[in-house]
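One structure below.
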Amino acid sequence: MKKINIGILGYGTVGSAVDTLIHKNHALISHRTGIDLEVARIADISPKVHHPKLVRDAHLITEDPNISIVVEAIGGIHPALDLVLSAIKHGKHIVTSNKELIALYGDRIFSAAEEKGVMVRYEAAVGGGIPIIGPLSRDLLANDITEIFGIVNGTTNFILSKMTRDRVEFKGALVEAQRLGYAEADPKKDIEGYDASYKAAILAGVAFGAQVDWKNVYFEGITNISQEDIRYAGEIGYVIKLLAIAKKLHGACDVRVHPTLVPKDHPLATVSGPMNAIYVKGNAVGELMFYGQGAGGMATASAVVGDIIAVANDKSQITNYKQQKIKIKPISEITSRYYIRLAVPDRHGVLSGISKAFADEKVSIETVVQKEIAGRVATIVIIIHEAKEENIRKAIARLKKMRVVKQVNNVIRVGL
Ligand code: HSE
């Protein structure tokens, strides 16, 4: 039996679940793989529980000659980056669930790993327990992957689902997500779209076999989505989802994260609560959808321990660091349909002024519906035919200057 000593950095939700899973399924894993996984040491700077393997000094793991695989489950950049680089320097393979670390410092980590001849795996960084990095970089290699898009953040999907189902506003849904443990006390990275943007950059990199620079990924979160938007979208046959979208173009790609009106009959529309789902289009396989728990200790540990086993079996690392950097198309150049919600005075001449602003920017209106009238203010919802984002932005800038427009309440992209 091949014995593998593992060190775990961070004893939070993921680190403790990895330790638990390795113990729980130890007999099954060793029977199936001939590998005896042993958690040799766990480091946590402020451990909240007693554990015989716990130490406070992470270097007792990164520099321990008996440990061959280091699991990084700290999250964030500091001190995770330095510890991962220290572990690589001391010849250890890395398994991480840290999307921010891979999206921002992947190049540095992969080139350090190549120099030392060690592996870095990060299946758990995207989609938690959903196997997606492995399939994209192994099972689907025969395909030209042209598109990959989906729901990759459970916190925001829970909030949007709650707003849709229970007709509550964003703030109430966020408080409920925090109460249930789906959102952190500081929810910024999830609700403002950072987490999904890291995952979009990683997915695009693996899917298109290129280095995707996270700094050029456009992202928006869901803090601006109101109950009205959810309701009006519903009335015209859509649900609002935060989507990560990556499309392969000629010599470039389109990678972005933003709320999107998804048609109710699209499979992604039915993905609710904290679940994740990722759609992949390949030129041989057609369309695939990967669905499952995108967060949570044991689901994430499933991906981490899978990576540990792959490393222990000497499976080659999943990386795109040797590839060319790929250009990301600026958001102003994308085309989309748009949903626009405006507050206007309820009087004559308003619609003709608004339609002129769009016409002047060569933007074509698909439908206009007047919604509630509160006092003398009417809400108008406009759906725009496929248009260039740059033109939409110019038209919106015009609207904002017009006396017949009280407020541009929201602009949301429509469709996939
Ligand atoms: N905060 C993430 C989410 C979990 O809400 O999906 C793991 O990436």
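Index from 1, following the sequence. Nothing here was measured: the structure is a model prediction, and the numbers come from that model. Counting starts at 1 for both ligands and their atoms, in listed order.
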Practice item. Would you check, one step at a time, whether the test side-chain contact (heavy atoms from CB on, under 4.5 Å) holds for Leu136 with Ile148? Key: CA-CA 10 Å; Leu136 281 175; Ile148 180 156; 3.5 Å; yes
**Study point:** Protein contact to atom 5 (O) of ligand 1 [nearest heavy atom, distance to 0.1 Å]
**Key:** Thr155 OG1, 2.6 Å
Revision key, fill the gap. Heavy-atom proximity to atom 1 (N) of ligand 1, picking from Val14, Thr13, Asp190, points to Asp190
**Study point:** Close-contact set for ligand 1 against Gly154 heavy atoms, below 4.0 Å
**Key:** 3 (C), 5 (O), 6 (O)
Review point. Is the distance between the ring centroids of His258 and Phe219 less than 6.0 Å?
Key: no
Exercise for review: Would you mind running through ligand 1 and noting each atom that sits below 4.0 Å from a heavy atom of Lys199?
Suggested key: 2 (C), 6 (O), 7 (C), 8 (O)
Check your understanding: Does a side chain donor of either Asn98 or Glu72 reach within less than 3.5 Å of an acceptor in the other side chain?
Key -> yes
**Study point:** Nearest-contact summary for atom 4 (C) of ligand 1 - protein heavy atom, Å
**Key:** Ala295 CB, 3.6 Å
Check your understanding: Does Asn153 approach ligand 1 within less than 4.0 angstrom via side chain, backbone, both or neither, non-hydrogen atoms only?
Key -> both
Exercise for review: Could you give me the CA-CA distance, side-chain angles and deciding distance for Glu386 and Arg337, then say whether salt bridge (charged side-chain N to carboxylate O under 4.0 Å, His left out) is met?
Suggested key: CA-CA 4 Å; Glu386 180 106 9; Arg337 289 167 69 222; over 6 Å; no
Exercise for review: Measure the distance from atom 7 (C) of ligand 1 to every protein heavy atom, then report the residue, atom name and distance (to 0.1 Å) of the closest one.
Suggested key: Lys99 NZ, 3.3 Å
Check your understanding: Do any heavy atoms of Glu184 fall under 4.0 Å from ligand 1?
Key -> no
**Study point:** Donor on one side chain, acceptor on other, Glu100 and Tyr105, under 3.5 Å
**Key:** no
Exercise for review: Would you confirm whether the ring centroid of Tyr279 sits within less than 6.0 angstrom of the ring centroid of His266?
Suggested key: yes
